[in-house]
Amino acid sequence: MTQNGYFARDTQWHPPALTPGYKTSVARSPTRAKLSFPTSLSEETGPVFGHNILGPLDNDLIHNFAAADQSAIGPRIVVYGRVLDETGRPVPGALVEVWQANAGGRYRHKKESYLASLDPNFGGCGRVITDENGCYEFRTIQPGPYPWPNGPNDWRPAHIHFSVFGQGFAQRLITQMYFEGDPMIWLCPIVGTIDDPRAVESLVAALDMTRTIPMDARAYKFDIVLRGRRQTFFENRAEGL
């Protein structure tokens, strides 16, 4: 359904801010009525992203933090897809940033507490700008699952975090991508806050054997839809862009 030419927001698509099964939400969820502030000119018009900000290895997480003649350890994969609007039109020039744990499930962060080993040749972050057809692609290693102190034995499934910037700071969307066939997706308390199975499925990348690199990397396809009936589930903005 559309209103004034736009797809109406589906308020049931996202879970409530307070979901006690996800313990962090108890402290993070609002306790008072929300306030609305007008956006500033800089928020609406900046930043402007160009390819001059990208390094030659920004979309290659296998090598962008590695020493010379070294590479990250783990199963190599290619993640690709398109950023689309609610009518299926491509969104060119969008900055897509990604970050993830290494193959053992550990992040490169000074406060990381998981006992898995760090990979000195893996930084776990990268970025790419969508082309004129809304396409993006990057190479990485498949991240591992990891435990987290939510319940006595809670684990996060393997996932990659995505940030998508539109034409301004006020147009930033954040989501997570999971991997087809992973049974841990449906055991995750964070995923469990999402009531609609279709919303969960919008976060699952499909294995695409036609795009594999023989003797090198498998491929996963993950399209990101900004609004509308096929919208990707976003953590920070229920209505999409």
Check your understanding: Is a donor on one side and an acceptor on the other found under 3.5 Å between the side chain of Thr130 and the backbone of Gly93?
Key -> yes
Review point. At what distance, to the nearest 0.5 angstrom, does CG of Asp60 lie from CG of Asp58?
Key: 10.0 Å
**Study point:** Residues Met177, Val204; criterion side-chain contact (heavy atoms from CB on, under 4.5 Å); working and verdict
**Key:** CA-CA 6 Å; Met177 185 202 88; Val204 179; over 6 Å; no
Exercise for review: Compare every heavy atom of Ala17 with every heavy atom of Ser25, then report the nearest pair and how far apart it is.
Suggested key: CB-O, 3.4 Å
Check your understanding: Hey, does the side chain of Thr19 reach the backbone of Thr193 with a donor-acceptor pair shorter than 3.5 angstrom?
Key -> no
Check your understanding: Is the side chain of Thr212 donor-acceptor paired with the backbone N or O of Ala217 at a distance under 3.5 Å, no angle test?
Key -> no
Review point. Would you say the side-chain atoms of Arg76 and Ser71 include a donor-acceptor pair closer than 3.5 Å?
Key: yes
**Study point:** Electrostatic pair Asp223:Arg82 at N-O distance under 4.0 angstrom
**Key:** no
**Study point:** Donor-acceptor under 3.5 Å (Asn121 side chain, Ala67 main chain)
**Key:** yes
Check your understanding: Stepwise, does the side-chain contact (heavy atoms from CB on, under 4.5 Å) test hold for Ile77 with Tyr220?
Key -> CA-CA 7 Å; Ile77 60 174; Tyr220 285 88; 4.0 Å; yes
Check your understanding: Do you know which two heavy atoms are closest between Phe179 and Ala158, and how far apart they sit?
Key -> CD1-O, 3.6 Å
Practice item. Could you pull out the closest heavy-atom pair between Leu203 and Ile194, with the gap in Å? Key: CD1-CD1, 4.2 Å
Practice item. Please tell me if the side chains of Cys125 and Phe65 come closer than 4.5 Å, counting only heavy atoms from C-beta onward. Key: yes
**Study point:** Evaluation steps, ring pair (Phe, Tyr, Trp, His ring centres under 6.0 Å), between Tyr107 and Tyr114
**Key:** CA-CA 9 Å; Tyr107 287 96; Tyr114 185 30; 10.0 Å; no
Point to revise | Test log, rule side-chain contact (heavy atoms from CB on, under 4.5 Å), inputs Leu84 and Ile224 | key: CA-CA 6 Å; Leu84 306 166; Ile224 300 171; over 6 Å; no
Practice item. Apply salt bridge (Lys or Arg N to Asp or Glu O under 4.0 Å) to the pair Lys221 and Glu180, showing each step before the final yes or no. Key: CA-CA 10 Å; Lys221 185 175 187 291; Glu180 179 184 5; over 6 Å; no
Practice item. Show your reasoning for whether side-chain contact (heavy atoms from CB on, under 4.5 Å) applies to Val96 and Val83. Key: CA-CA 9 Å; Val96 178; Val83 179; 4.2 Å; yes
Point to revise | Any side-chain donor near an acceptor of the partner, Gln100 and Arg108, under 3.5 Å | key: no
Check your understanding: Under a 4.5 Å cut-off applied to non-hydrogen side-chain atoms, are Ile129 and Phe165 in contact?
Key -> no
**Study point:** Expected output: side-chain Thr140 to main-chain Leu61 donor-acceptor under 3.5 Å
**Key:** no
Review point. Would you say Phe222 and Tyr136 make side-chain contact, with heavy atoms under 4.5 Å?
Key: yes
Exercise for review: Could you tell me whether Asp216 and Arg139 make a salt bridge, using a distance below 4.0 angstrom between a side-chain N and a carboxylate O?
Suggested key: yes
Check your understanding: With distance as the sole criterion, is a donor-acceptor pair present between the side chains of Asp208 and Tyr80 under 3.5 Å?
Key -> yes
Exercise for review: Carefully, step by step, assess His159 and Tyr146 under the rule ring pair (Phe, Tyr, Trp, His ring centres under 6.0 Å).
Suggested key: CA-CA 10 Å; His159 62 280; Tyr146 57 84; 5.7 Å; yes
Practice item. Search all heavy atoms of Leu226 against all heavy atoms of Phe234 and return the closest pair with its distance. Key: O-CE1, 3.8 Å
Check your understanding: Looking only at atom types and distance, does a side-chain atom of Asp85 sit under 3.5 Å from a main-chain N or O of Thr87, one as donor and one as acceptor?
Key -> yes
Check your understanding: Do Ser117 and Arg106 meet the criterion of a side-chain donor-acceptor pair at a distance under 3.5 Å?
Key -> no
Practice item. Say whether, by atom type as modelled, one donor and one acceptor occur between the side chain of Asp154 and the main chain of Ile190 under 3.5 angstrom. Key: no
